[in-house]
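Since the structure comes first, as structure tokens, the remarks are kept for the end.
Predicted model, so just to flag it, every value in this text is computed and none were measured.
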Amino acid sequence: MHSDPLLFRYSESEAEILVTLPEGVSRGRLTRSGDVFTLSPDERLGKLLACRPPERLASILRTPHIQSLWPELRFLISQLTRHHVTPTTRTRALSETVVDDISSLGWETFEALSADLSELTIRLKDEDLCLDLPFTFRLPHDYPSKTPLGVADCGGLPAVPRLLQATTLAAAVRELKSELSKFGSLWKSFRELDEKCWVVEPENPSPYGLYRRVMLTASTSVCVNYQPNSTSGIPGISFLGPESRVVEMKGRLNRNILMWEPRQTVMGNLSNILDLDFPPPPSHEE
């Protein structure tokens with residue numbers, strides 16, 4: 001039964017603990033200093049451990065290796081949960097489901113779980129999408145029998161669906177990645193702009209944005225703006241600068257817009273269409 005204490009994301013010197021209690025899930029962190037471990041529990045787990053003489057816990061924490069320490073600590077916490085608390089059927093079932101979901105995704109993706117089991121945060125990574133962000137999923141009261149799952153926080157990503165039809169967390173992750181796959185090429189293009197060009201807006205560009213303003217000369221810039229539902233075609237393009245230069249750039253754009261090649265990067269397309277080379281980012285000395 002997953003209602004037993006669970007150890008995860010552990011190494012020789014630290015680990016995290018997950019314990020199901022009536023109010024929800026409690027957590028603690030084990031950290032080694034020298035040959036002694038320190039346990040930092042949250043408030044509920046701390047109160048539970050206080051039901052045993054502190055000498056008992058201190059004796060366990062003096063074990064120098066986590067592989068030897070954990071069986072004793074798990075036994076102690078299991079005894080306390082059996083004798084002092086009784087998780088509700090719903091809490092037990094929900095915590096088991098969530099733990100199974102996280103296990104299927106990999107504990108390295110786990111970030112946080114709210115005490116009442118209503119929100120779960122995992123880190124989504126995808127090299128093809130250049131994606132590395134925490135996502136917070138809102139779980140229905142009777143998850144997993146009820147859908148949809150909600151996305152409470154998506155790290156500022158554009159056009160992320162706030163309601164998912166998936167019935168499991170693993171399926172929700174697949175659904176999200178499928179939705180975000182349409183942005184992969186654009187994000188790579190914008191990353192090239194950020195690395196090779198003089199980007200002035202946004203001031204600190206997110207890797208996952210849809211807008212850039214890039215300098216063409218010391219006085220003229222081009223604004224590139226994509227809509228969430230159209231990321232593979234020609235973006236919105238406008239110019240800022242002296243009127244004569246803006247008129248010149250608009251003329252080049254209008255004459256050559258049919259040269260836009262969807263398989264090219266944004267930087268490559270604009271260089272070809274405007275017949276210019278982008279200036280590099282200014283150095284710190286400038």
- So OG of Ser40 and CD of Glu16: to nearest 0.5 Å the spacing works out to 11.0 Å

- Side-chain donor or acceptor of Ser104 paired with backbone N/O of Asp101 under 3.5 Å: yes

- Task: For the residue pair Ser26 and Arg44, confirm or rule out a side-chain donor-acceptor distance under 3.5 Å.
- Result: yes

- Heavy atoms from other residues, nucleotides or ligands near CG of Asp277 exceed 12 (cutoff 6.0 Å): no

- Message: Is it the case that the side chain of Asp42 and the backbone of Leu45 share a donor-acceptor pair, with hydrogens and angles ignored and the cut-off at 3.5 Å?
- Response: yes

- Query: Judged by atom type as modelled, is there a donor-acceptor pair below 3.5 Å linking the side chain of Thr121 to the main-chain atoms of Glu111?
  - Reply: no

- Ser59 side-chain N/O to Glu55 backbone N/O, donor-acceptor pair under 3.5 Å: no

- Query: Does some side-chain heavy atom of Ile234 sit less than 4.5 Å from a side-chain heavy atom of Asn269?
  - Reply: no

- Message: Looking at Gly268, is its backbone amide N or carbonyl O close enough to the side chain of Ser271 to form a donor-acceptor pair, meaning the two atoms are under 3.5 Å apart?
- Response: no

- Item | Side-chain heavy-atom pair Thr38, Leu30 within 4.5 angstrom cut-off | no

- Under 3.5 Å, is there a donor-acceptor pair between the Thr265 and Glu192 side chains? yes

- Item | Leu120 side chain reached by Phe110 side chain, heavy atoms, under 4.5 Å | yes

- Task: State whether Arg123 and Asp132 are salt-bridged, where the test is any N-O pair (Lys NZ or Arg NE/NH1/NH2 against Asp/Glu carboxylate O) under 4.0 Å.
- Result: yes

- Item | Short side-chain to backbone donor-acceptor contact, Arg32 and Pro64, under 3.5 Å | yes

- Verify same cluster id: Val214, Leu240 (apolar side-chain graph, 4.5 Å): no

- Item | Between Ser221 and Arg213, a side-chain donor and acceptor under 3.5 Å | yes

- Task: Could you tell me whether Glu201 and Arg212 have a side-chain N and a carboxylate O separated by less than 4.0 Å?
- Result: no

- Message: What verdict does the side chain to side chain contact (heavy atoms under 4.5 Å, CB included) test give for Asn272 and Leu270, after you've listed the backbone C-alpha separation in whole Å, the side-chain angles of each residue and the deciding distance to 0.1 Å?
- Response: CA-CA 5 Å; Asn272 292 335; Leu270 288 176; over 6 Å; no

- Item | Over 12 non-hydrogen atoms of neighbours within 6.0 angstrom of NZ in Lys177 | yes

- Side-chain donor/acceptor of Thr217 to backbone N/O of Ser219, under 3.5 Å: yes

